[in-house]
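Here the structure is laid out as structure tokens; the discussion comes afterwards.
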Amino acid sequence: MKLKSILLSSALGVAMLAPAAVSAKDLTVAIQNNLTGLDPSNVNDTLSQTSLRLIYQGLFGFDKDMKLIPLLAESYESNADATEFTIKLREGVKFHDGTDFNAAAVKVNLDRLRNPDNNLSRRSLVSMISEVEVVDDLTVKLVLDAPFGAMIASLAHPGAMIISPAALEKYGDDIARNPVGTGAFVFKNWAADTLEVARNDDYWKGPAKVDNVIIRSVPESGARMAMLQTGEAQFVPNFPPELMQVVEKNEDLKVETSPSIVEYYVAMNNNKEPFGDQKVRQALNHAVDKDAFCQIVFSGLCSPADSIIPGGLSFHVKAGEYEFDLDRARELMAEAGYEDGFSTEIWANSNTESLRAVQFIQQQLAQINVDVNVVPLEAGVAAQRIWSIESPEDAEVQMYYGGWSSSTGDADWGIRPLLLGENAPPSMFNVAYYANDELDAAITGAIGTADPEERAKYYETAQKLAWDGAPWIFLGVADLIAAQTADVTGVHMLPDRGFLLEDAAFAE
């Protein structure tokens, strides 16, 4: 038996910090896209899932540096080949509706999430679990159908956060509008562009230092900046880089940058011509200046992509380089029979940053006679048109600009959901509809072993195959930028573009 434990003596000790001079009031956070739902098991975007950290918690989670920490679990142990995991749970925790948190609640949640009949978008986080066994009230055992070294990291993903079983029974599918968790805040209201939560005075770690948190969706960058300047908002994660200097000149505000694990790309639907042709996909990669992308879209706070996953993820290797070379791009287009180019469209979220990115792509591809129509989509509309289709044959998307981060901190979640052939929507997030038998074998091989050296070999193969196959226009990995009023403490951005607000406070 190989013992692996994460103990309470880590960053999660329940003892509260010594009181400081703070005053409780409301914290308003301005984000760039609308939230798409309140069921953590069935949302696809980082902003929705990270906002739900206010209400929900998982067995495990991450601290501000994205290091794995225990939350509703206290420790775990696994067998040598990572096919069985026994998890000890925290005692005395209650859901917001008064329901006890225990092993039975964990079983209800994991069985719900892993059941393919429920069609939950985060199912693959736990799809390798064949049985969830209640050992006793505070112990649960997971039996896997194959070794999986990233099991605990997968349970730390927000998609595996634990919902009150009583609420699941009461609300059914309407849990997406009636969230009930164990977190530091209790759900109050969600309407249009605003989520409101109130402090949970019975929180197991002790009450938060702010009364309420309001998450406001404000797609236009200048409007988020104005809210910060006037005090209407106190924290703006994913802050627009072009406005950093304005914040730096204001002594009442502060801004911070940090590395990320977010990679930006344009997915090309391989089921739509001409994107089924590898030469066309490679040509488009050569036609886009990645250094210019980083400069224009992110004011230089960005590095060109060199693989299908960012350097901050485990098992990353440099897979290659698509040099900006219009002659090579035109040559490949001619070889594919598209010397005169073609017309297509690109979908993207309707926030300022995304629109600037797709307009840049539009201009770049025009140089090789590719006429791109830009189609901005509000986040909820995008979720429906891209991820909620009935079958792959119904997909209308041709090109899609977006970013992805592995919110497990592991290479698995940066590759498998996006590029495994069977994971096309509505199953998961392979919006390129890319299928390659060799790549599939490498991805499934990596999750079939707990040996880090073996996983590394599989992931190196996967990265090089996908880079050469070019299902995406590989763009860049952008730094994180967050701005806040100077009187706010305890708010943090995570490397995956999420944020933590539980420790937020206002200094007097």
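Please read all numbers here as calculations on a predicted model, not as lab measurements. Basis for what follows: all heavy atoms, side chains included, without hydrogens, waters or symmetry-related copies.
Two residues are said to be in side-chain contact when any heavy atoms from C-beta on lie closer than 4.5 Å; Phe62 and Leu500 fail this criterion. Counting only heavy atoms from C-beta outward, the side chains of Leu494 and Arg53 approach each other to under 4.5 Å. Put simply, the side chain of Phe95 reaches to within 4.5 Å of the side chain of Ile162, judged on heavy atoms. Here the side chains of Pro158 and Tyr56 are not in contact, with every heavy-atom distance at 4.5 Å or above. Ile214 is listed as a side-chain neighbour of Thr194, based on a closest heavy-atom distance under 4.5 Å. When side chains are defined from C-beta on, Ser51 counts as touching Leu35, because their heavy atoms get closer than 4.5 Å. For the pair Leu52/Met161, a side-chain contact is recorded, criterion being any heavy-atom separation below 4.5 Å from C-beta on. Taking 4.5 Å as the limit, every side-chain heavy atom of Leu155 sits out of range of all side-chain heavy atoms of Phe85.
Checked against the 6.0 Å centroid threshold, Trp204 and Phe101 do not count as a close aromatic pair.
Considering CZ of Arg216 and CG of Asp193, their distance stands at 5.5 Å, rounded to 0.5 Å. A distance of 9.5 Å separates CD in Glu263 from CG in Leu418, rounded to the nearest 0.5 Å. One distance of note links CD of Gln484 with CG of Leu27; it measures 9.5 Å at 0.5 Å rounding. Note that CD of Gln398 is 9.0 Å distant from CG of Asn373, once rounded to the nearest 0.5 Å. Distance check: Ile473 CD1 to Leu365 CG gives 5.0 Å after rounding to the nearest 0.5 Å. Rounded to the nearest 0.5 Å, atoms CH2 (Trp190) and OG (Ser48) are 7.0 Å apart.
Looking at Arg416 and Asp412, a side-chain N of the basic residue comes within less than 4.0 Å of a carboxylate O on the acidic one, giving a salt bridge. A salt bridge is defined here as a Lys NZ or Arg NE, NH1 or NH2 lying under 4.0 Å from an Asp or Glu carboxylate O, and Glu396 with Arg385 meets this definition.
Taking all atoms of both residues into account, the shortest heavy-atom contact from Arg224 to Ala30 is CD-O, 3.8 Å. Shown here for Ser407 and Asp496, the closest heavy-atom pair between the two residues is OG-OD2, 2.6 Å. The minimum heavy-atom distance linking Gly414 with Leu313 is given by the pair CA-CD1, 4.4 Å. Minimum interatomic distance between Pro471 and Ala466 (heavy atoms only, all atoms of both residues): CD-O, 3.2 Å. Here the closest heavy-atom approach between residue Val106 and residue Leu59 is recorded as CG2-CD2, 3.8 Å. Ile309 and Ser314 get closest at one heavy-atom pair: CD1-O, 4.1 Å.
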Task: Candidate pair Lys67 and Asp63, rule salt bridge (charged side-chain N to carboxylate O under 4.0 Å, His left out), full reasoning - done: CA-CA 5 Å; Lys67 294 180 180 177; Asp63 66 11; 5.8 Å; no

Open item on the list: Would Val372 and Ile361 count as a side-chain contact (heavy atoms from CB on, under 4.5 Å) here? Give the steps.
Closed with: CA-CA 8 Å; Val372 179; Ile361 298 296; 5.5 Å; no

- [ ] Would you check, one step at a time, whether the test side-chain contact (heavy atoms from CB on, under 4.5 Å) holds for Gln229 with Leu253?
- [x] CA-CA 8 Å; Gln229 288 178 308; Leu253 306 176; 4.3 Å; yes

- [ ] Begin from the C-alpha positions of Met493 and Asn238 and carry the test side-chain contact (heavy atoms from CB on, under 4.5 Å) through to its verdict.
- [x] CA-CA 8 Å; Met493 282 208 72; Asn238 301 297; 3.4 Å; yes

- [ ] Would you check, one step at a time, whether the test side-chain contact (heavy atoms from CB on, under 4.5 Å) holds for Tyr264 with Cys302?
- [x] CA-CA 10 Å; Tyr264 291 88; Cys302 167; over 6 Å; no

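A donor-acceptor distance shorter than 3.5 angstrom exists from the side chain of Lys290 to the backbone of Val288, with no hydrogens or angles considered. Using modelled atom types, no side-chain atom of Ser350 and backbone atom of Pro376 make a donor-acceptor pair closer than 3.5 Å. Put simply, the side chain of Arg123 never gets that close to the backbone of Asn115: no donor and acceptor are under 3.5 Å apart. In this structure a side-chain-to-backbone donor-acceptor pair under 3.5 Å is present from Gln234 to Thr28. Under a 3.5 Å cut-off, the side chain of Asn269 and the backbone N or O of Val397 do form a donor-acceptor pair. Although no hydrogens or angles enter the test, the distance criterion places no donor-acceptor pair under 3.5 Å between the side chain of Thr50 and the main chain of Thr46. The closest donor-acceptor contact from the side chain of His492 to the backbone of Asp65 lies at 3.5 Å or more, if one exists at all. Here the side chain of Asn109 pairs a donor or acceptor atom with the backbone of Ala105 at under 3.5 angstrom. At least one donor-acceptor pair under 3.5 Å links the side chain of Ser217 to the backbone N or O of Asn33. Side-chain atoms of Gln245 do not come within 3.5 Å of backbone N or O of Glu242 as any donor-acceptor pair.
Partners of Lys188 by side-chain contact (heavy atoms from CB on, under 4.5 Å), not counting sequence neighbours, listed by chain and number: Glu196, Ala198, Asn212. Taking the side-chain contact (heavy atoms from CB on, under 4.5 Å) definition, one finds that Ser41 meets it with Asp39, Arg112, Leu113, Leu120, Ile163, sequence neighbours left out. In terms of the side-chain contact (heavy atoms from CB on, under 4.5 Å) criterion, residue partners of Thr257 (sequence neighbours excluded) are, by chain and number, Met244, Leu301, Ile481. Listed by chain and residue number, Leu420 satisfy the side-chain contact (heavy atoms from CB on, under 4.5 Å) test with Glu422 (two or more places apart in sequence, or in another chain).
Residue pairs meeting the ring pair (Phe, Tyr, Trp, His ring centres under 6.0 Å) criterion with at least one partner in residues 162-189, sequence neighbours excluded, are absent. Residue pairs meeting the ring pair (Phe, Tyr, Trp, His ring centres under 6.0 Å) criterion with at least one partner in residues 212-248, sequence neighbours excluded, are absent.
In this pair, His157 and Trp413 present their aromatic rings perpendicular. The plane angle is above 60°, beyond the 30 to 60° band. Between Phe429 and Trp404, the ring-plane angle classifies as tilted under the 30° and 60° cut-offs.
With no hydrogens or angles considered, a side-chain donor-acceptor pair links Asp97 and Thr99 at under 3.5 Å. Checked by atom type, the side-chain pair His316/Asp306 shows a donor-acceptor distance below 3.5 Å.
The number of heavy atoms from other shown groups lying within 6.0 Å of CG (Asp173) does not exceed 12. Residue-environment remark: CD (Glu91) stays at or below the threshold of 12 foreign heavy atoms within 6.0 Å. More than 12 heavy atoms of other residues, nucleotides or ligands shown are found within 6.0 angstrom of CD on Glu220.
When the options Tyr434, Phe293, Trp472 are evaluated for a ring-ring contact (aromatic ring centres under 6.0 Å, His included) with Tyr265, the one that passes is Trp472.
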